[in-house]
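What follows is one structure encoded as structure tokens, with my remarks underneath.
Both counts, for ligands and for their atoms, begin at 1 and track the order of listing.
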Amino acid sequence: MVKAVVGANWGDEGKGKITDMLAERADIIIRFQGGANAGHTIINDYGKFALHTLPSGVFYDHTTSIIGNGVALDVPVLFKEIQSIIDRGVPAPKILVSDRAQMVMSYHKNFDAYEEERLGGKSFGSTKSGIAPFYSDKYAKIGFQVSELFDEELLKEKAARIADQKNVMLEHLYHKPLIKPEELYHELMEYKEMIEPYVCDTSSYLYHALKEGKEILLEGQLGTLKDPDHGIYPMVTSSSTLAAYGAIGAGIPPYEIKKVITVCKAYSSAVGAGAFVSEIFGEEADELRRRGGDGGEFGATTGRPRRMGWFDCVASKYGCRLQGTTDVAFTVLDVLGYLDEIPVCVGYEIDGEVTKDFPVTHLLEKAKPVLTKLPGWKCDIRGIKTYEELPENCRKYVEFVEEQIGYPITMVSNGPGRDDIIYR
Ligand code: GDP
């Protein structure tokens, strides 16, 4: 059976923790999109880890971790990450890399940085990991696929061709150093050496695994609102963040995805630019940021302070709908224990009219939050193991959100650890 763990919102919902937890009973965990531009924070018996490329299941010795064909594969980052977990005592994980995955090249990262520099104040707030230039090239059919590393003739010719093409932009638009074909070829050969032991026809591997009845998890990066089609375009990421894309980015049939576990955080946070209707500012935001997540809401990859806001029912309902949610995992609920009253965004006012439907971007920019306040529970709920033991106001908060978004909250996370989970 295949389960997808995906985000309803802007990312950082706690997917890493939920995946790590569910991986205990899984055989295979797959990353199917995105790259090293976002991270998952995981706390387990080995310590606290920020992963960017490896799936969150790498900490168990019974799991196989797959980098699917849909991922923007940053070979040096993957290697550093594997080494860094081994250095901290985690048994060497079993990793397979799709022979159809494409690689982020150093020039992709340079182009990302040059473009941000060129745009100045109008930039997209990119993490400069090369993701947008990478996916542009993939769809322009000038990317490097892992399988191509094993055809040296083709690679030499292609390195020269790509250098020619990229150098026009480097010279005339960015006024930056040019790409030398020999250096590009050398970079590719280095990647080949690093990646060779892991390369696999992963869709075929998964075909057989499914026949054998293996438990498979698809781990999404970011969330619905960062999807290039269904998110807050253009302030989105460059690959689809939806569970449906898991079929493509892993190479499995869509009908095999039986469960879509959509992760929603009990309040909102976002990184990068773009409309964020329920955003809060000043001391109110600082306090939530300080208390949020595990040790504060700061980006796992960038360390940037996250933008903070109240729970947004409009965005989350939409986010869950586009994922095709079967289960909601409601996370980081423990953090709200300090509040007397908890504001929740239940509608958007746009041009004087209130809506509960998430709009397209130009209308979203005009939306003002319609807030309602729920009473707080004013205590620490960490360590509680059953739903009935949660304070009444806490349960009311969960049930209010569940009714507003219209999807069943079957898991409530009340702490960052693997065991901090309440099933309903
Ligand atoms: P992801 O990208 O969706 O995996 O999310 P991140 O890992 O970037 O952010 C989630 C943060 O919240 C991490 O620091 C987690 O350790 C932490 N976290 C996850 N679930 C809980 C929870 O229920 N309570 C608390 N306090 N922290 C949590």
Side-chain angles (χ1 to χ4, degrees), residues 4-23 29 31 33-59 127 217-226 237 241 243 261-272 287-308 311 316 319 323 328-339 379-385 387 390 394 397-398 401 409 411-423:
V5 180
V6 288
N9 304 104
W10 300 265
D12 306 320
E13 298 93 349
K15 296 176 294 294
K17 177 235 157 108
I18 300 294
T19 307
D20 176 63
M21 184 190 94
L22 295 173
I29 298 97
R31 280 281 313 267
Q33 44 89 223
N37 52 330
H40 300 301
T41 312
I42 295 159
I43 297 164
N44 55 35
D45 304 343
Y46 297 104
K48 181 170 175 172
F49 296 86
L51 297 184
H52 309 292
T53 287
L54 287 172
S56 301
V58 290
F59 298 102
T127 59
L217 287 180
L218 295 167
E219 180 180 22
Q221 183 208 38
L222 298 168
T224 305
L225 305 179
K226 292 283 188 181
T237 193
T241 56
I261 298 157
T262 303
V263 185
C264 270
K265 193 152 67 176
Y267 53 89
S268 301
S269 71
V271 284
E287 176 149 40
L288 185 55
R289 186 180 301 110
R290 261 198 316 276
R291 293 172 176 270
D294 178 64
E297 289 282 0
F298 299 92
T301 300
T302 57
R304 289 190 289 196
R306 291 176 181 154
R307 297 163 68 194
M308 306 302 297
F311 188 81
S316 303
Q323 292 291 5
V328 174
F330 197 53
T331 59
V332 208
L333 187 60
D334 50 302
V335 161
L336 299 181
Y338 71 99
L339 291 157
C379 67
D380 186 2
I381 59 163
R382 281 207 197 180
I384 292 180
K385 294 288 174 206
Y387 188 68
L390 287 172
C394 184
Y397 185 79
V398 174
V401 164
I409 296 176
M411 287 165 256
V412 174
S413 173
N414 59 338
R418 256 181 201 171
D419 304 322
D420 300 321
I421 194 79
I422 298 169
Y423 290 95

Check whether any side-chain heavy atom of Tyr338 lies under 4.5 Å from a side-chain heavy atom of Glu287, and answer yes or no. yes
Val335 neighbourhood, listing ligand 1 atoms whose heavy-atom distance to it stays under 4.0 Å: 26 (N)
Nearest option to atom 9 (O) of ligand 1, as decided by whichever heavy atom of Met21, Arg306, Met411, Lys17 sits closest: Arg306
Can you check whether Gly11 has an N/O within less than 3.5 Å of an N/O in ligand 1? no
Using a 4.0 Å heavy-atom cut-off, which part of Lys15 comes near ligand 1: side chain, backbone, both, or neither? both
Output, in order, the C-alpha distance, side-chain angles, deciding distance and verdict of side-chain contact (heavy atoms from CB on, under 4.5 Å) for Lys48 and Asp294. CA-CA 10 Å; Lys48 181 170 175 172; Asp294 178 64; 3.1 Å; yes
Do Lys15 and Ile261 have side-chain heavy atoms sitting under 4.5 Å apart? no
Asp334-ligand 1 polar pair, N/O distance under 3.5 Å: yes
Does Arg382 pair with Asp420 as a salt bridge, N-O distance under 4.0 Å? no
What do you reckon, does Asp420 put a non-hydrogen atom under 4.0 Å from ligand 1? no
May I ask you to list the atoms of ligand 1 that are less than 4.0 angstrom from any heavy atom of Ser413? 20 (N), 21 (C), 22 (C), 23 (O)
Under 30°, 30 to 60°, or over 60°: which ring-plane class applies to Tyr397 and Phe330, parallel, tilted or perpendicular? tilted
Are any of the side-chain heavy atoms of Trp10 and Val271 separated by less than 4.5 Å? no
Any side-chain heavy-atom pair of Leu51 and Phe59 under 4.5 Å: yes
Looking only at distances, please establish whether an N/O atom of ligand 1 is found under 3.5 Å from an N/O atom of Ile43. no
N or O pair under 3.5 Å between Leu333 and ligand 1: no
Donor-acceptor pair, Glu297 side chain versus Ser269 backbone, under 3.5 Å? no
Which of the atoms of ligand 1 are close to Arg382, meaning less than 4.0 Å from one of its heavy atoms? 26 (N)
Heavy-atom distance to atom 16 (O) of ligand 1: which of Gly223, Gly415, Pro416 wins? Pro416
If the cut-off is 4.0 Å to any non-hydrogen atom of Glu13, which atoms of ligand 1 fall inside it? 3 (O), 5 (O)
